[in-house]
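Please read the structure below before turning to the comments.
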Amino acid sequence: MKRYTSGQKHGPITRLMSPSDFGRLLKPFVFLDLIDNQGTPFTGFGLHPHSGIATVTYIAEGSVRYEDTNGATGLLLAGGIEWMRAGSGVWHGGGLGEPGRTRGFQLWIALPPELELGPSESIYLSPEAVPSDGPARVLIGSYGNAASSIQAPSPMNYLAVRLRAGERWSYQPPAEHTVLWTAVGKGSILVPNELQQGELVAFTTSSAVLEFEAQSDAEFVLGSAVPHNYDLILGSHSVHSTTEALHRAEARISEIQMRLVQEGKV
C-alpha cells in the first residue's frame with residue numbers, strides 16, 4: 001500500500017511534505033520542497049531562523065547562494081549539498097546563483113532530543129565531495145560502497161538517483177528503516193506505478209526491495225529511516241519534541257536576531 005501527493009505549488013517551490021500531512025507519517029523527514037524556477041529569476045530568501053531541525057539542500061541543476069550566522073557564505077553548485085543542523089537556533093538564507101534554471105530539493109529532518117537544543121552545524125559539500133554508488137549519490141547515510149561524510153542525527157539514508165530512459169535500479173532498505181518514501185524531480189519512473197515530476201509516494205512498512213524503472217530520463221530522491229518516535233511541536237520556523245524545548249530555542253533565536261539587527265543584516 002502507498003500514499004501519493006503532488007503537494008502545493010507556490011511559484012518555483014512545490015511543498016511535497018509538511019508536518020501537518022506526510023511529515024507526520026514519515027518523521028524524522030518532516031518537510032520536503034521541490035525547487036524549480038524553470039529559468040525564471042527568483043529573489044530567494046533573506047536570513048531567517050530555524051531550530052530543532054536539520055536542513056539538507058541538494059542542487060541537481062543550476063546553483064544557489066547561501067549565508068548563515070555561523071559565518072559561512074558562498075555558491076552551491078549543481079551536485080552540491082548544504083547541511084544545516086539548526087540545534088538550539090541558527091539563521092540562514094540564500095537565493096538563486098547564476099542566471100538560468102535551478103532545480104533541486106530541500107529536506108528538513110527532525111532532530112532527536114539530545115540534539116534539538118545542541119550547537120548548530122553548517123557543512124557545504126562540493127559536487128566532488130558527495131559520494132556515489134552506481135546511479136545513486138549518497139546525500140546522508142550510506143548505500144553500497146558509498147557513505148556520506150555528514151553525520152546523520154539518527155539512522156537514515158537520503159539518496160539522489162539519476163536514471164536514463166529504460167534503466168532500472170533497486171533499493172533494499174535496511175531492516176530497521178521502516179520509514180520509506182521517494183519523490184521525483186525530473187522525468188517519470190515506475191515504482192511499480194508511474195510517478196512523475198513533482199510527485200511523492202510514501203511506502204508502508206516493508207522489508208521488500210523497491211524496484212525503479214525510468215520511463216524517461218529521470219531524477220529522484222529517496223529517503224529511508226528508523227522512525228522518529230517523538231512528538232512534533234511546531235513553532236514559526238522550528239520543530240521540537242516538547243513545548244519547553246521550543247520555548248528555549250525561540251529565546252536563542254531572538255538573541256541572534258538582536259545581534260543581526262545591530263549589525264544591520266535584518
Side-chain angles (χ1 to χ4, degrees), residues 2 16-17 22 26-32 34 54-61 76-85 103-112 121 123-192 195 199-214 217-228:
K2 310 174 185 68
L16 293 171
M17 183 195 311
F22 276 64
L26 296 173
K27 58 184 184 179
F29 307 107
V30 291
F31 288 97
L32 181 69
L34 169 63
T55 306
V56 190
T57 305
Y58 171 69
I59 301 302
E61 180 179 350
L76 192 66
L77 301 177
I81 300 173
E82 174 198 24
W83 166 261
M84 172 57 72
R85 192 182 70 201
R103 181 172 50 79
F105 284 95
Q106 191 164 54
L107 173 71
W108 287 263
I109 299 165
L111 297 176
E121 174 188 63
I123 298 174
Y124 299 89
L125 296 182
S126 65
E128 298 77 20
V130 180
S132 62
D133 186 295
R137 308 195 76 208
V138 180
L139 310 183
I140 303 293
S142 63
Y143 170 74
N145 295 317
S148 173
S149 61
I150 297 170
Q151 184 174 355
S154 58
M156 67 181 65
N157 291 333
Y158 181 42
L159 312 178
V161 183
R162 291 185 177 182
L163 298 177
R164 294 180 179 177
E167 285 187 332
R168 297 186 178 191
W169 178 77
S170 61
Y171 177 71
Q172 173 66 71
E176 68 276 15
H177 285 205
T178 55
V179 173
L180 183 61
W181 58 271
T182 191
V184 178
K186 177 183 177 182
S188 63
I189 57 176
L190 298 177
V191 280
L195 198 65
E199 295 181 332
L200 177 147
V201 58
F203 301 94
T204 53
T205 301
S206 173
S207 60
V209 175
L210 280 181
E211 301 285 351
F212 297 83
E213 181 179 351
D217 289 355
E219 299 177 15
F220 58 95
V221 290
L222 175 148
S224 70
V226 171
H228 179 80

- If you round to the nearest 0.5 Å, how far is CZ of Arg85 from CD of Glu121? 4.5 Å

- Query: In Å, rounded to the nearest 0.5 Å, how long is the span from CG of Leu210 to CG of Leu180?
  - Reply: 5.0 Å

- Message: Minimum heavy-atom separation for Leu163 and Ala214, please, with both atom names.
- Response: CB-CB, 3.7 Å

- Between Ala165 and Asp217, which heavy-atom pair has the shortest distance, and what is it? N-OD1, 2.9 Å

- Under the side chain to side chain donor-acceptor pair (under 3.5 Å) rule, collect the residues that match up with Thr55, sequence neighbours excluded. Trp108

- Message: Run the ring-ring contact (aromatic ring centres under 6.0 Å, His included) test against Phe105 and tell me which residues pass, sequence neighbours left out.
- Response: none

- Where is the tightest heavy-atom contact between Trp83 and Pro153, given as atom of each residue plus distance? CH2-CD, 3.6 Å

- Look up atom OG1 in Thr182 and atom CG in Leu159, then write down how far apart they are to the nearest 0.5 Å. 9.0 Å

- To the nearest 0.5 Å, what is the distance between CD1 (Ile109) and CZ (Phe29)? 6.0 Å

- Query: Mind checking what makes side-chain contact (heavy atoms from CB on, under 4.5 Å) contact with Ala146, not counting sequence neighbours?
  - Reply: Pro131, Asp133, Val138

- Partner set under side chain to side chain donor-acceptor pair (under 3.5 Å) for Glu128, not counting sequence neighbours: Ser126

- Message: Can you list everything that forms a side chain to side chain donor-acceptor pair (under 3.5 Å) with Ser224? Sequence neighbours excluded, please.
- Response: Tyr171, His177

- Message: Can you pull out every salt bridge (Lys or Arg N to Asp or Glu O under 4.0 Å) where at least one residue sits in residues 176-188? Sequence neighbours excluded, please.
- Response: none

- State, to 0.1 Å, how close Val209 and Ser170 come at their nearest heavy-atom pair, and which atoms those are. CG1-CB, 3.7 Å

- Task: Would you please name every residue forming a salt bridge (charged side-chain N to carboxylate O under 4.0 Å, His left out) with Arg164, sequence neighbours left out?
- Result: none

- Find the distance between CG (Leu190) and CD (Glu211) and round it off to the nearest 0.5 Å. 11.5 Å

- Query: How would you list, by chain and number, every residue that makes a side chain to side chain donor-acceptor pair (under 3.5 Å) with Glu61, sequence neighbours excluded?
  - Reply: Arg103

- Message: I'd like to know if the side chain of Ser148 reaches the main chain of Leu139, judged simply by a donor and an acceptor atom lying under 3.5 Å from each other, with no hydrogens or angles considered.
- Response: yes

- Query: Do the side chains of Leu200 and Trp181 get nearer than 4.5 Å, heavy atoms only?
  - Reply: yes

- Query: Quick one: are Ser154 and His228 in side-chain contact, heavy atoms under 4.5 Å?
  - Reply: no

- Taking all non-hydrogen atoms of both residues into account, name the closest pair between Asn157 and Gly141 and its distance. OD1-CA, 3.5 Å

- Could you give the distance from CG (Leu76) to CG (Leu125), rounded to the nearest 0.5 Å? 8.5 Å

- Message: So, using ring-ring contact (aromatic ring centres under 6.0 Å, His included) as the criterion, who are the partners of Phe212 when residues are at least two apart?
- Response: Trp169, Phe220

- Query: If you take all heavy atoms of Ala183 and Leu32, which pair is closest and at what distance?
  - Reply: CB-CD2, 3.8 Å

- With sequence neighbours excluded, what pairs up with Ser132 under the side-chain contact (heavy atoms from CB on, under 4.5 Å) test? Arg137

- Query: What pairs meet the salt bridge (Lys or Arg N to Asp or Glu O under 4.0 Å) rule with one or both residues in residues 140-150, with sequence neighbours excluded?
  - Reply: none

